[in-house]
Amino acid sequence: MEKKITIQDFLTPEQIRECAKLRTADKICEQITKPNIEAINAKLGQKNDPKFLAYAVEYVLSQS
């Protein structure tokens with residue numbers, strides 16, 4: 001069974017608001033996902049790529 005993950009599963013509400021302001025995956029990666037990757041990995045229980053997560057966050061925010 002596939003587990004669905006939301007950005008709320010690995011980012012704080014404050015980080016999500018900041019991502020919305022940053023808008024691009026490059027900025028989100030440099031300022032949010034890359035500096036917080038250890039905490040994100042712990043929350044998700046696996047190793048993740050900060051750039052991939054940034055693109056996912058950018059996509060989710062562009063859809064709302």
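- Side-chain atoms of Thr6 and Gln8 include a donor-acceptor pair closer than 3.5 Å.
- Closest approach of Ala54 to Ala25, counting heavy atoms only: CB-O, 3.3 Å.
- Residues Leu61 and Ala20 approach most closely at CD1-N, 3.6 Å, considering heavy atoms.
- In this structure, Ile7 CD1 and Tyr59 OH are separated by 12.5 Å, a value rounded to the nearest 0.5 Å.
- Contact detail for Ile5 and Phe10: the closest heavy-atom pair is CG2-CD2, 4.1 Å.
- Interatomic distance, OG1 of Thr12 versus CD of Glu14, reported as 5.5 Å (0.5 Å rounding).
- Checked against Leu53 for a side chain to side chain contact (heavy atoms under 4.5 Å, CB included), the options Asn41, Leu11, Ile37 give a single hit: Ile37.
- Atom NZ of Lys34 sits in a sparse spot, with 12 or fewer heavy atoms from other residues, nucleotides or ligands closer than 6.0 Å.
- Side chain to side chain, Asn36 and Glu38 fail the donor-acceptor criterion of an N or O pair below 3.5 Å.
- The distance from the CD1 atom of Ile32 to the CD1 atom of Ile16 is 10.0 Å, given to the nearest 0.5 Å.
- Remark: Lys27 NZ is loosely packed, at most 12 non-hydrogen atoms of other residues, nucleotides or ligands lying under 6.0 Å away.
- Among all heavy-atom pairs drawn from Gln31 and Glu18, the shortest one is OE1-OE2, 4.4 Å.
- Annotation for Gln46: atom CD counts as buried by contact number, over 12 foreign heavy atoms lying within 6.0 Å.
- Grouping the Ile, Leu, Val, Met, Phe, Trp and Tyr side chains by contacts below 4.5 angstrom, directly or via other members, places Tyr55 apart from Phe52.
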